[in-house]
Amino acid sequence: PKLSRYKAWSLNNIGCVYYDLKEYDKALKCHQKALKIKERFYKESKNISQEIYNSDIAIAWSQIGSDLRQLKRFEEALSSCNKALEIRKK
C-alpha cells in the first residue's frame with residue numbers, strides 16, 4: 001500500500017508540472033490516475049482517518065476540476081469541483 005500512495009503523490013506532482021506547462025490533457029490524465037490510486041489505497045488502509053481521506057480526495061477532485069476548466073470542459077469541471085466541495089463538507 002505504501003508504494004501505491006507514493007505513486008499517487010508522484011503522479012499528482014507530474015500532473016502539476018504538466019499543468020504549469022499548459023499541457024492540461026496530460027495533467028488531467030495524471031490527476032485522474034492519482035485519484036484512482038488514492039481511492040484504492042484508502043479503501044485498503046485501516047489506519048487512515050476519515051479527515052485525511054476527505055482532504056486528500058477533495059484536493060484530487062479540485063485538481064481535476066482545474067484541469068478540465070483549462071480544457072474548457074466547463075460542465076465536467078463544475079461537477080468535479082462540486083464533488084470536492086461535498087467531500088469537504090463531510
Side-chain angles (χ1 to χ4, degrees):
K2 286 184 181 179
L3 290 177
S4 294
R5 189 173 188 190
Y6 297 134
K7 183 176 181 180
W9 288 342
S10 295
L11 280 167
N12 184 70
N13 289 336
I14 292 167
C16 290
V17 173
Y18 279 132
Y19 186 92
D20 291 342
L21 291 169
K22 299 185 183 342
E23 294 186 38
Y24 304 116
D25 55 336
K26 291 180 181 178
L28 177 62
K29 288 177 185 174
C30 287
H31 288 140
Q32 288 172 328
K33 286 179 186 177
L35 174 62
K36 287 181 183 179
I37 291 169
K38 288 176 185 182
E39 287 177 330
R40 188 178 72 229
F41 169 79
Y42 287 124
K43 184 178 180 181
E44 294 173 2
S45 296
K46 305 294 183 205
N47 300 326
I48 303 294
S49 73
Q50 191 67 38
E51 183 178 346
I52 292 172
Y53 169 83
N54 288 351
S55 177
D56 206 15
I57 298 301
I59 290 168
W61 278 112
S62 291
Q63 289 174 314
I64 289 169
S66 294
D67 299 336
L68 291 165
R69 186 183 76 242
Q70 293 297 333
L71 291 167
K72 304 206 182 320
R73 292 166 55 182
F74 298 117
E75 292 299 320
E76 293 171 88
L78 187 59
S79 177
S80 293
C81 291
N82 279 325
K83 284 180 186 178
L85 183 60
E86 287 303 312
I87 292 168
R88 288 275 188 197
K89 289 180 180 178
K90 293 180 182 179

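Side chain of Ser10 to main chain of Tyr6: a donor-acceptor pair is present (N/O by atom type, distance under 3.5 Å, no hydrogens or angles). Although no hydrogens or angles enter the test, the distance criterion places a donor-acceptor pair under 3.5 Å between the side chain of Asn82 and the main chain of Leu78.
Residue Ile59 holds its CD1 atom at 4.0 Å from OG of Ser55, rounded to the nearest 0.5 Å.
The side-chain contact (heavy atoms from CB on, under 4.5 Å) check on Arg73 picks up Leu28, Leu68, Leu71, Glu76, with sequence neighbours excluded. Scanning for salt bridge (charged side-chain N to carboxylate O under 4.0 Å, His left out) contacts around Lys72 gives an empty result, with sequence neighbours left out.
Under the 4.5 Å side-chain heavy-atom criterion for grouping Ile, Leu, Val, Met, Phe, Trp and Tyr, Ile52 is connected to Ile57 within one hydrophobic cluster.
Taking a cutoff of 4.0 Å between a charged side-chain nitrogen and a carboxylate oxygen, Lys89 and Glu86 qualify as a salt bridge.
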Tabulate below the donor-acceptor pairs under 3.5 Å that side-chain atoms of residues 15-26 make, not counting sequence neighbours, or state none.
unit_1: Tyr19; atom_1: OH; unit_2: Gln70; atom_2: NE2; d: 3.4
unit_1: Glu23; atom_1: OE1; unit_2: Lys26; atom_2: NZ; d: 3.1

Please tabulate, for side-chain N and O atoms in residues 32-42, each donor-acceptor pair with protein atoms closer than 3.5 Å (sequence neighbours left out).
unit_1: Lys38; atom_1: NZ; unit_2: Asp56; atom_2: OD1; d: 3.3
unit_1: Tyr42; atom_1: OH; unit_2: Asp56; atom_2: OD2; d: 2.6

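Screening residues 57-69 for salt bridge (charged side-chain N to carboxylate O under 4.0 Å, His left out) gives no qualifying pairs among residues at least two apart or on separate chains. Listed by first and then second residue, the ring pair (Phe, Tyr, Trp, His ring centres under 6.0 Å) pairs that reach into residues 69-90 come to none, sequence neighbours excluded.
Scanning both residues, Cys81 and Gly65, for their nearest heavy atoms gives SG-CA, 4.0 Å.
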